[in-house]
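Keep in mind the model is a prediction, meaning the values are calculated, not measured. Numbers restart at 1 for each chain; the letters A, B, ... are given by sequence-line order, proteins then strands.
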Number of protein chains: 2
Amino acid sequence: MRRSGLRAKVPAPTVARLPVYHRALVDYERRGLQTIASAELAAATGVNAATLRRDLSHLGSWGTRGTGYEVRHLLTQVDRALGIDKESPIVVVGVGNLGRALARSGNFSARGLRVAALLDVDPEIVGTEVAGVPVEHVDALERVVRREGAVIAVLATPAEVAQSLADRLAGAGVRAILNLAPVVLHAAPSVRLGTVDLAAELQVLAFYGTRDRHRARRAVVSPGDAAAGR
Amino acid sequence: MRRSGLRAKVPAPTVARLPVYHRALVDYERRGLQTIASAELAAATGVNAATLRRDLSHLGSWGTRGTGYEVRHLLTQVDRALGIDKESPIVVVGVGNLGRALARSGNFSARGLRVAALLDVDPEIVGTEVAGVPVEHVDALERVVRREGAVIAVLATPAEVAQSLADRLAGAGVRAILNLAPVVLHAAPSVRLGTVDLAAELQVLAFYGTRDRHRARRAVVSPGDAAAGR
DNA sequence: ATATGTGAATCAATTCACAGCT
DNA sequence: AGCTGTGAATTGATTCACATAT
């Protein structure tokens, strides 16, 4: 397709696979590989080689026929597509077990993400620090979002309050919300909603695991399906 | 389609939506609703009404024309499809922040899930209890899996050890693994692999959030996409 | 009158297969 | 000789629209 610099319209499934490619490429670079063929990268990421090539072509990427892709160059392109160059500050709302786990998650900065602020209501928690980030009261949500220039928020609250907090986040200018609460949220179409419900994931696995041995396909799965647009 | 009792072959996207329907139906039942029309349930779950009806038809469900679906009956069918009747014991490997969060997650039993065992290597953690479940040493993995009759496991370990633990889990007879480590796992096709990588989800949101205001679609997302077979 | 269940149409992504480049 | 990039074929899910049931 060869879009000049910014791609036009990358299919959602492709976007969902980009972080996987990113990880694999970082790995190859670390191991000193110069070039990589689509077939090899495809095997490492569990993706069909033709699919991988088409994915890359959506980014306007360029491989060398007969040789493959230059690892470093390709990584740069994937990074740029994912916006890893400019770090995204994240606001985490709800500092329970899950929110805490997120805040402490180590491998964020390597992925262009930074937990910039933590919010909660519990007076026991507000005022403490988690992973060096102070927990502020959720009353200050709008102020904190603007202060940090946060475009992305994570909702790790009880389901009951998730919708109203999502509304407030949207109002404060957040552009995307990752909802970890087990509830279906509704938002204006200008706000991108992703949901990860671990219990639901397990229920899905239970469907396949419990039941008779279907033709159990699927060795590898791309993440981001939940956040990627339909 | 009307399969007698066991469905033949439910599309993966349908399976991924079942937990969402389940939650909505529990809610309707709690509120005393007798019947529900596909249009209403669809609105609540953010799914197209025709899609919802086709999903239900895959379960061999039966609504009443002119009236809708009986809430209690439909819930029973969804429960049965998801295997919520028989509780699934889960083994959680890796009791770090994320594993701990999972173990403490309240809403599991209502979903047919039970954290039956916790495993870790850290001598500081082994021997302690989390949410009433003792943390055992990962050396005992095979024994614990058999003792609990666990069919599903969660991998919440560092990425480096995830593959070898997945191999051991598969060897021990686990049928499905939810991988929370940021790494692509490979397994025999008899083992169902799902991956949830929160950082990757955020990267995907960053792709859309950072970038220009695409035709930002997607108000609601079904979970389980990662675990559902493609 | 109203809402289901489903053929048929549509839309989108995956995959094949090969022409074209190095 | 080898591997990319991509038209064309395929596969699969979503959605429309309506005949069918209550």
K.L.:
So A:D27 and A:R23, salt bridge (Lys or Arg N to Asp or Glu O under 4.0 Å) or not? Walk me through it.
P.N.:
CA-CA 6 Å; A:D27 209 55; A:R23 280 200 318 243; over 6 Å; no
K.L.:
Expressed as a whole number of angstroms, how long is the span from A:I36:CD1 to D:dG2:C1'?
P.N.:
15 Å
K.L.:
Whole-Å distance between C:dA13 C1' and A:K9 NZ?
P.N.:
13 Å
K.L.:
Touch check for A:T51, heavy atoms < 4.0 angstrom, all strands: base, sugar-phosphate only, or nothing?
P.N.:
base
K.L.:
By the definition side-chain contact (heavy atoms from CB on, under 4.5 Å), identify the one residue from B:V92, B:V93, B:L102 that meets it with B:L180.
P.N.:
B:L102
K.L.:
Would you mind reading off the distance between B:H58 atom NE2 and C:dT4 atom P, rounded to a whole angstrom?
P.N.:
16 Å
K.L.:
What is the distance, to the nearest angstrom, from the CG atom on B:L52 to the P atom on C:dT6?
P.N.:
14 Å
K.L.:
Mind calculating the distance between CZ (A:R65) and P (D:dT6) to the nearest angstrom?
P.N.:
7 Å
K.L.:
Taking OP1 and OP2 of C:dG5, is either one under 4.0 Å from a side-chain nitrogen or oxygen of B:Y69?
P.N.:
yes
K.L.:
Any side-chain heavy-atom pair from B:L113 and B:V115 closer than 4.5 angstrom?
P.N.:
no
K.L.:
Among C:dT22, C:dT6, D:dT4, which nucleotide sits nearest the side chain of A:T64?
P.N.:
C:dT22
K.L.:
Do any side-chain nitrogens or oxygens of A:S38 fall under 4.0 Å of OP1 or OP2 in D:dT4?
P.N.:
yes
K.L.:
Output the rounded distance in Å from CG (A:N48) to P (C:dA17).
P.N.:
12 Å
K.L.:
What is the separation between atom CZ on B:R53 and atom P on D:dC16, rounded to the nearest whole Å?
P.N.:
10 Å
K.L.:
Could you pull out the closest heavy-atom pair between B:L59 and B:A81, with the gap in Å?
P.N.:
CD2-CB, 3.8 Å
K.L.:
Can you name the one residue among B:V196, B:D197, B:V154, B:L185 that meets side-chain contact (heavy atoms from CB on, under 4.5 Å) with B:N179?
P.N.:
B:L185
K.L.:
5'-most contact on DNA chain C: B:A50 or A:R54, nearest heavy atom basis?
P.N.:
B:A50
K.L.:
Heavy atoms under 4.0 Å, any strand shown: does A:A37 hit a base, just sugar-phosphate, or nothing?
P.N.:
sugar-phosphate
K.L.:
Over how many whole Å does the gap from A:L56 atom CG to D:dT4 atom P extend?
P.N.:
9 Å
